[in-house]
Each structure stands twice: as structure tokens, then as C-alpha cells.
Amino acid sequence: MQIGHNRKMTGAQCIADMLNGYEVTHVFHVPAVMRTAFAEMERRTDIKRLHVHGEKSAAYMADGYARASGRPGICGAQVIGALNLAAGLRDAWLAHSPVIAITGGRDPKTKFRKVYQEVDDVPAFEPVTKFNATIDDVARLPDMIRQAFRTAVTGCPGPVHLQFRGNEGQLDADEADMEPLVEPQFSRVPAFRPEPDEASVRAALQVLQNAARPVIVAGGGVRASGAAAELVALAEALQIPVATSLNGKDSIPGTHPLSVGVVGSYSRESANRVVNAADLVCFIGSETGGMTTHFWAVPKIGTQAIQIDIDPEALGRNYPLAAGVNGDAKVTLQKMLAACDRTTAAKRKAWIAEAQKISGEWREKYKEALNSDAVPIRPERLCHELTKHLPDDAIVVVDTGHAGMWMGGMFDLTSPGQSYMRSAGHLGWAFPAGLGAKCAVPERPVVTFTGDAGFWYHIAEIETAARWNINAVTVVNNNGGGNQSKRGFDRVYGGKQTDKARELWTFRQTNFARIAEDMGALGIRVEQASAFPAALAQALAANRPVVIDVVTDIDALAPVAVS
Ligand SMILES: Cc1ncc(C[n+]2csc(CCOP(=O)(O)OP(=O)(O)O)c2C)c(N)n1
Ligand SMILES: [Mg+2]
């Protein structure tokens, strides 16, 4: 496209052409916003315009779409739904996911006149966006849409909000001389791969190679950078054990001999033990936040640390550093790999043996639970069945709470071709996020793991999945309650489980397979662990949206983190 060729067009035509130019394939929304633009998308592009059952799930679908593909996910709401959409951006913000939220907003002609449904929504987007802007003049659409994509995918990625004039964003019906110019570089993460300062790479390598008992903690920055292969290659070259954050779980298969598991609060005991036994922790693409460090107890503050991050402000935030490197994870790891001294690996032989012994002790400790035939089914066994039977190219999408703990700790990715995406804290995120992921990457199997409390939140979206043929598989760990809350409520009831305490976290027994069938999806109920592999195989072959309702033990509590 040539620059400087304005032509008369409507905002709607400009939006449709630009989203198409940025390779957007789906927009998730609750009507009515951008009505004219949606009509133009139908005429001018193949973009699918999915109307869904709530603005929060629209935001979660856009987030799942973005995390699965690296391309910004687009969601929208009219003015009355804007805060619902903002609520849904919180997980994208916490997970650094490039979501672009478009809302209808105030018209300068009618502001402050008690317009129906209107409040000033813009401030509510401030804590969950990198860029939060209003567009009042249609002629500003091209530069502002470009800025939205540019901001969402550069540096540390994250959400953006654009508010269009008019409660339904009717700005899109206005005409102006415009040029729908796009910058394809900003259609996905990473847009740039900033090269680190050579001296900082050498300094970090020096510290790493000198260490006798180092461990790498790989975070979500490794997945955003697509640096998993380089990470594993460096760990192998220097013989360093690798723990991951929940967000970085797909940086290394759990079955790799150097993997010790997910570290932090929703973690695996072996990972916490290895990190706490290390003499140096190398954080790569990790915020060193509370979840990953078990609130800075794993590793303890004072442990020698080095850190590699695309965001210079992250370097040293929680752990004083022996060396910090500012750069893209993939290019930094490539440089380290090229410059590293592989002979130093020999001195870590005893340390590797110790880390592997600790991992082996974890496997022995949980062997019985991972293979349990108990009825109702143990969640550990369910996780283990997923480890054994998920396809090599699966995208695994996991909710928070116990779902995050069970899958973080008990489930292993077995192939570098598998991806893992997790809720950054919101219960209910995973089911819609899994649908969004499947929209983004329809050729890959998407398998979501959620508890029943998590599934209840956005259960209406089964109908969306059936209507749009979004053939994701959702596994519900159905124990008839939100039992991660059990310990806390027992505590305030004198340390024991009472009927009154149970009122605060248990639900009616529900057959989600039957509900799924009624709403147009395939529903499979599993009551025996041995029946799960066949159910999963049937689900993956069905080419339909599927809910596998697994009846599990309400008394099963995930192990708490060791520190
Ligand atoms: C938006 C939001 N509200 C509340 C919570 C707190 N919370 C965490 S886990 C949980 C219950 C989880 O229940 P379920 O999904 O059924 O999993 P289970 O613990 O039963 O395995 C709650 C309420 C949260 N994480 N997010
Ligand atoms: Mg539950």
C-alpha cells in the first residue's frame, strides 16, 4: 500500500480494511458496538464477528486468541457493557497478553446530560491497559488503530483500549478522507527483538558459568519470545536444571531430564526444593512476582540472581542482581549459547544428580495418587491421564485456583510442540479463553482444564461454541464445589468442616455433559478414571465442541507449596 493516498471512506470501511490488514480473523463482542463496521467486515473481509453471551467472556476469548497466536485479540462492547469488558482485561494485563478492546463512549454533544446508560468508563480501563484512548473524530481512526497495535505487541505486550465516540461507537458511520494503512510488523508478538548489550551478556554468562548449583526460572517472556528451543539448548549445553513459572510452563517439556517443574505457589514440590537449594537463580522473562516465587520465599531474597528481560524496569525489582540483561529472550539466549563455555558443565554433575533425585522423590511420593483408581476420581489421576494422552501439538488452557495447582504441579507437557496457557488469577477465564484459542489456531487440538466453579461462570458460551463450530474440548474437574476454598472456611469454623461452613463453597450436583448436549455440544460424562482415555480420544475426533464432565473427589485438596 502506498503512503499518502487518502480517499473518501467511512470509518467502518477503514476499520474493516485495517483489521483485515493486521490479519485479524475474529472479533468477539456483545451487541451493539461498531454495527456499521461489522456490516463492512462481512462485505469486505472474511473476519468472523462472534456475538457472545457476556463482555467478560468476549475479553477472555480475545485474550485466549492472542496468547495462542501472538496476534492481538479484538473484543468490543457498547457503553453499558464497557466496564464488564474492562473487568475481563485484568487477566490479559496480568499475563501481558495483547488484547485490543473497543467500546462505545460519550458524545461531546450530550456529555453530562444524564444520557441513558452512560458513565465515564475511561478511568476504569487505566489500571488494565498500556494505552487507553478516546477517538472523537473519524479521521483519527487510521493513526489510532496503528498506535493500538503498535502498543499492544511491542516491548512487554499488553492490552489497549480505544473508546469510539457514540454509545455504540457510531463514529464508524462518519466519512472522511483516510488511508487504511497498516504496519504488518505490528500484527504479532514480538514486533522487535531488541539485542542485548554484549558486555551485559558476557557478564551474565560469567556468573552463570561460575555457579556450581545454578537453576533457571523461565517465565512467560520465554513463551512470548518463542525462545523455548534456545532455553533448552542453553540448559543442556551448561547442564543447568530448569524450573518454570506457571506462565512459562511450556518453555520445557516436563519430561525433559533437566526439568524440575513449576516453581512458586501453584507448583511442584521438586521445583521449590531445587530452587531453594541453588546458589544462583537465573530468571528469564519472569516478573519475579508473588506467584512464581511463593511470595519471595522461593528463592529467598539474598540468593544470588541474574535476570534477562525485555523490560528494563523488571531487572532487579525483587532480587538484587549479580548481572542483568535487557533484551529479547530468544536473541539473548542465542548469544549466550554462541559464547558459552561448555566445559564448565562438568562441574555441575553432582548438582544435576541432586536435582534429578529430588524430581524422582516427587514422582515416587505422588505415584499412588497419579495412578489411583479411586471413585470418585482423584484429580491427580486426571492430570496424569492428560499427560499420557494429549496430542503432541495440543494447546492446554488451564483455569486458576485448584485447576492451576493440579495442572501446574501434577501435569507434564511431553512435547515441545505442546503449548500451555493459564489464568493469571481469574476463576472462569479458561473456558472462554480456550474457545478464543481454538478460533485463532483451529488446526491444533485445544484442551481446557477447569473446575466446576470456574466452568459455571461462562457456561452460556457452550451455545456460542456450538453456533460457531468452535471445536475445543473442555475437561471439567467436577467435584460439586469450589473446594479450594474449603481449608479457609474450615479454619474460620474452628478448624473443622461443618455443614454451615460447607454452605459457603459447595454446589448442587450437576451433570455438565447433559447441559452441554442440550446446548448443542457433545457431552461425555466420566465416572471411572479408566474411562477417561477413550472419552478424550472420542472428544478429539468429534470435530464438535465437547464438554468432558469428570466426576472427582470433593475431599481432594492440592498440596500446598513448600518453601
Ligand atoms: C474472579 C475470581 N473470584 C474469586 C476467586 C477465588 N477462587 C479461587 S479458586 C475458587 C474456587 C474454585 O472452584 P473450582 O473451579 O470448582 O475448583 P476446585 O477448587 O473445586 O477444584 C475461588 C472462588 C478467583 N480466583 N477469581
Ligand atoms: Mg470444584
Side-chain angles (χ1 to χ4, degrees), residues 54-60 63-64 83-95 124 127-128 246-247 264-267 289-291 369 372 374 376-384 386 397-411 422-434 448-459 461 474-492 497 501-513 515 525-527 547-561:
E55 291 85 3
K56 185 148 61 73
S57 43
Y60 290 165
D63 183 2
L83 294 190
N84 299 351
L85 200 68
L89 291 186
R90 188 181 179 123
D91 217 82
W93 170 258
L94 293 170
V128 291
L246 273 181
N247 202 18
S265 297
Y266 293 178
S267 60
M291 171 59 76
S372 167
I377 297 167
R378 290 289 307 190
E380 298 92 327
R381 170 76 189 268
L382 177 55
C383 294
H384 194 50
L386 289 167
V397 184
V398 180
D399 216 46
T400 192
H402 257 156
M405 294 174 87
W406 290 127
M407 287 292 277
M410 303 291 164
F411 165 78
R422 60 78 172 105
S423 163
H426 282 89
L427 195 65
W429 172 87
F431 173 52
T448 297
F449 183 102
T450 174
D452 52 324
F455 192 53
W456 276 119
Y457 268 86
H458 306 107
I459 195 165
E461 306 303 349
T474 305
V475 177
V476 185
N477 173 29
N478 183 4
N479 55 14
N483 90 327
Q484 196 193 34
S485 302
K486 171 185 146 50
R487 285 189 187 106
F489 284 123
D490 288 353
R491 211 178 304 128
V492 296
Q497 183 167 299
R502 281 176 69 91
E503 278 177 6
L504 294 166
W505 59 273
T506 56
F507 307 124
R508 285 165 55 90
Q509 291 296 329
T510 302
N511 184 325
F512 291 114
I515 292 175
R525 179 115 162 146
V526 174
E527 294 175 338
V547 174
I548 308 181
D549 184 29
V550 185
V551 183
T552 60
D553 185 353
I554 195 164
D555 292 320
L557 297 178
V560 292

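Count residues from 1 along the sequence. In this text, all values refer to a predicted model and were calculated from it rather than measured experimentally. In listed order, ligands and their atoms are each counted from 1.
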* Asked: Does Asp399 reach the main-chain N or O of Gly451 with its side chain, forming a donor-acceptor pair under 3.5 Å?
  -> no
* Is there a side-chain contact between Trp505 and Ile554, using heavy atoms and a 4.5 Å cut-off? -> yes
* **For atom 14 (P) of ligand 1, closest protein heavy-atom neighbour** => Ala453 CB, 3.4 Å
* **Closest protein heavy atom (residue, atom, distance) for atom 15 (O) of ligand 1** => Gly454 N, 3.1 Å
* Asked: Does even one non-hydrogen atom of Ala403 get within less than 4.0 Å of ligand 1?
  -> no
* Asked: Would a distance-only check, ignoring hydrogens and angles, find a side-chain to backbone donor-acceptor pair under 3.5 Å from His426 to Arg90?
  -> no
* Asked: Counting only heavy atoms on the protein side, is anything nearer than 4.0 Å to atom 2 (C) of ligand 1?
  -> yes
* Structure fact -> Excluding water, the protein N, O or S atoms sitting under 2.8 Å from the Mg ion (ligand 2) are Asp452 OD1, Asn479 OD1, Gly481 O
* Asked: For atom 8 (C) of ligand 1, what's the nearest protein heavy atom and its distance?
  -> Gln484 OE1, 3.4 Å
* To do: Provide the number and element of each atom of ligand 1 under 4.0 Å from a heavy atom of Asn479.
  => 18 (P), 20 (O), 21 (O)
* Asked: What are the atoms of ligand 1, with element, lying closer than 4.0 Å to any heavy atom of Asn477?
  -> 21 (O)
* Structure fact -> The atoms of ligand 1 lying under 4.0 Å from a heavy atom of His402, numbered in the order shown, are 18 (P), 19 (O), 21 (O)
* To do: Identify, by atom number and element, the atoms of ligand 1 in contact range of Gly401, meaning under 4.0 Å from any of its heavy atoms.
  => 9 (S)
* **Heavy-atom nearest neighbour in the protein, as seen from atom 17 (O) of ligand 1, with distance rounded to 0.1 Å** => Gly451 CA, 3.9 Å
* Kindly state whether the ring of Phe431 and the ring of Trp456 have centres lying under 6.0 angstrom apart. => no
* Over all atoms of both residues, closest heavy-atom pair of Ser57 and His458 -> CB-CD2, 3.8 Å
* Protein heavy-atom partner closest to atom 23 (C) of ligand 1 - residue, atom, separation in Å -> Leu427 CD2, 3.7 Å
* Asked: Crowded around Arg487 CZ? As in, over 12 foreign heavy atoms under 6.0 Å?
  -> yes
* Sub-4.5 Å side-chain heavy-atom contact between Leu382 and Trp406 -> no
* **Pairwise distance CZ(Arg525) to CZ(Phe512) - rounded to 0.5 angstrom** => 9.0 Å
* Hey, which atoms in ligand 1 end up nearer than 4.0 Å to a heavy atom of Thr400? -> 25 (N)
* To do: Report yes if some heavy atom in the side chain of Gln497 is under 4.5 Å from a heavy atom in the side chain of Arg502; otherwise report no.
  => yes
* Are the side chain of Asn479 and the backbone of Asp553 linked by a donor-acceptor contact shorter than 3.5 Å? -> no
* **Gly425 neighbourhood, listing ligand 1 atoms whose heavy-atom distance to it stays under 4.0 Å** => 24 (C), 25 (N), 26 (N)
* Asked: Within the distance-only criterion (no hydrogens, no angle test), does the side chain of Asn478 pair as donor or acceptor with the backbone N or O of Gly480 below 3.5 angstrom?
  -> yes
* Counting from 1, what ligand 1 atoms have a heavy atom of Tyr457 closer than 4.0 Å? -> 1 (C), 2 (C), 3 (N)
* Asked: Looking at side-chain heavy atoms only, is the closest gap between Val398 and Leu246 below 4.5 Å?
  -> no
* Asked: Rounded to the nearest 0.5 Å, what separation is found between the OG1 atom of Thr552 and the CZ atom of Arg378?
  -> 9.5 Å
* Nearest non-hydrogen partners of Ala95 and Arg422, listed with the distance -> CB-NH1, 3.8 Å
* Short N/O distance, under 3.5 Å, between Asn483 and ligand 1? -> yes
* Asked: Based purely on interatomic distance, does Ser485 place a nitrogen or oxygen under 3.5 Å from a nitrogen or oxygen of ligand 1?
  -> no
